[in-house]
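The block underneath contains the structure these notes are about, expressed in structure tokens.
Counting starts at 1 for both ligands and their atoms, following the listed order.
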Amino acid sequence: MLVALTGTPGTGKTTIAALLAYRIIDINALVKGGMNFGRDPDRGCLEADMDALANYLAEQDCDELLILEGHFSHHFAKRAIVLRLAPSVLRLRLEARGYSSTKIQENLEAEALDVILVEAAERCDRVDEIDTTGKTPHEVAEMVTEIVQGRLQLPAGQVDWLTEFFG
Ligand code: ADP
Ligand code: MG
């Protein structure tokens with residue numbers, strides 16, 4: 001079974017995935033490793049080959065639980081866990097990463113408007129969301145484990161950053 005661990009860049013996907021006791025497939029690594037069409041001239045980032053990724057990931061699907069980690073991993077799984085983070089905290093993380101102000105603004109707006117959550121809800125049969133704000137990576141990893149083991153349900157719709165972000 002494939003489960004996507006997704007969320008806006010900076011919400012903690014890579015950090016949390018590293019703490020899980022499951023096999024992880026890093027979607028960004030696959031894109032960098034060749035499943036791409038080269039650099040997008042406007043954005044400077046690699047343009048992912050979504051068909052190649054989908055084919056490869058379908059081949060990996062088996063009885064074992066596999067976690068797909070990346071901000072568009074929800075395109076390739078029927079179940080998704082979306083990591084959420086208050087935009088005020090996300091801003092600090094993206095600044096620390098050295099993102100441009102345009103890229104920071106784009107990502108903060110995407111988080112405030114639930115863009116990834118909505119995409120996941122449109123594509124997946126089941127979506128849970130975790131508000132990671134103020135939680136340690138271990139606490140979040142434990143919640144992910146509880147969700148995939150069926151002991152915790154956090155259906156979409158608990159998080160609302162609109163007041164915080166747009167005032
Ligand atoms: P993503 O893979 O979603 O882009 P990262 O896992 O790279 O995000 O995390 C971004 C930054 O936030 C890293 O510096 C990481 O150490 C930090 N971080 C991630 N999760 C937490 C958390 N729960 N609490 C505090 N810092 C965190
Ligand atoms: Mg990452």
Side-chain angles (χ1 to χ4, degrees), residues 2-36 39-40 43-50 52-54 56-57 60 65-77 79-121 123-124 127-148 152 154 156 158-161 164-165:
L2 304 178
V3 177
L5 183 62
T6 186
T8 309
T11 50
K13 302 175 296 291
T14 304
T15 305
I16 304 314
L19 297 173
L20 297 173
Y22 299 107
R23 204 177 128 209
I24 309 294
I25 298 186
D26 176 347
I27 305 288
N28 289 329
L30 295 177
V31 173
K32 283 188 196 137
M35 293 186 196
N36 69 73
R39 294 221 169 258
D40 178 319
R43 303 182 56 83
C45 53
L46 288 173
E47 194 189 329
D49 182 342
M50 298 298 275
L53 286 165
Y56 173 78
L57 294 167
Q60 304 302 306
L65 180 73
L66 288 182
I67 306 274
L68 311 182
E69 184 257 303
H71 69 279
F72 51 86
S73 57
H74 52 283
H75 288 252
F76 311 112
R79 278 189 71 171
I81 299 173
V82 185
L83 300 185
R84 306 302 307 272
L85 183 63
S88 54
V89 183
L90 185 58
R91 176 188 295 281
L92 302 176
R93 287 199 196 163
L94 297 179
E95 283 171 359
R97 246 184 205 182
Y99 277 17
S100 69
S101 53
T102 314
K103 205 166 166 190
I104 292 175
Q105 196 59 23
E106 255 177 41
N107 282 301
L108 293 180
E109 282 176 17
E111 179 60 19
L113 295 172
D114 306 331
V115 168
I116 289 193
L117 184 77
V118 170
E119 282 178 12
R123 293 169 174 275
C124 301
V127 178
D128 291 83
E129 68 175 336
I130 301 177
D131 178 3
T132 69
T133 315
K135 296 187 178 79
T136 66
H138 278 97
E139 284 170 337
V140 178
E142 184 57 30
M143 291 174 83
V144 170
T145 302
E146 297 274 303
I147 289 169
V148 295
L152 179 65
L154 295 171
Q158 319 148 63
V159 159
D160 178 3
W161 305 138
E164 182 199 304
F165 191 67

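Closest protein heavy atom to atom 8 (O) of ligand 1: Gly12 N, 3.1 Å. Looking at atom 26 (N) of ligand 1, its nearest protein heavy atom turns out to be Arg93 NH2, 3.3 Å. In this structure, the protein non-hydrogen atom closest to atom 23 (N) of ligand 1 is Lys135 O, 2.9 Å. When hydrogens are left out, the protein atom nearest atom 9 (O) of ligand 1 is Thr15 OG1, 3.5 Å; that is the closest non-hydrogen contact.
Distance check for atom 14 (O) of ligand 1: every protein heavy atom is found at 4.0 Å or beyond.
For Thr15, every N, O or S atom stays at 2.8 Å or more from the Mg ion (ligand 2).
Put simply, CG on Leu46 and NZ on Lys32 are 8.0 Å apart, with the number rounded to the nearest 0.5 Å. Interatomic distance, Phe165 CZ to Glu111 CD, rounded to the nearest 0.5 Å: 10.0 Å. One finds the CD atom of Glu129 at 12.0 Å from the CD1 atom of Ile116 (value rounded to the nearest 0.5 Å). One finds the NZ atom of Lys13 at 13.0 Å from the CD1 atom of Ile24 (value rounded to the nearest 0.5 Å). Rounded to the nearest 0.5 angstrom, Leu83 CG and Lys135 NZ are separated by 10.5 Å. Rounded to the nearest 0.5 angstrom, Thr15 OG1 and His138 NE2 are separated by 11.0 Å.
Side-chain contact check for Val3 versus Tyr22: every heavy-atom pair is 4.5 Å or farther apart.
Under 4.0 angstrom from ligand 1, the non-hydrogen atoms of Arg97 all belong to its side chain. At a heavy-atom distance under 4.0 Å, atoms from both the backbone and the side chain of Lys13 approach ligand 1. With a 4.0 Å heavy-atom cut-off, ligand 1 is reached by the backbone of Thr136 but not by any atom from C-beta on.
When only modelled atom types and interatomic distance are considered, Gln60 and Arg23 share a side-chain donor-acceptor pair under 3.5 Å.
Close contacts of ligand 1 with Gly10, meaning ligand atoms under 4.0 Å from a residue heavy atom, involve 1 (P), 3 (O), 4 (O), 8 (O), 10 (C). Atoms of ligand 1 found under 4.0 Å from any heavy atom of Pro9 (numbered from 1 in listed order, with element): 4 (O).
Heavy-atom distances between Pro137 and ligand 1 reach below 4.0 Å in at least one pair.
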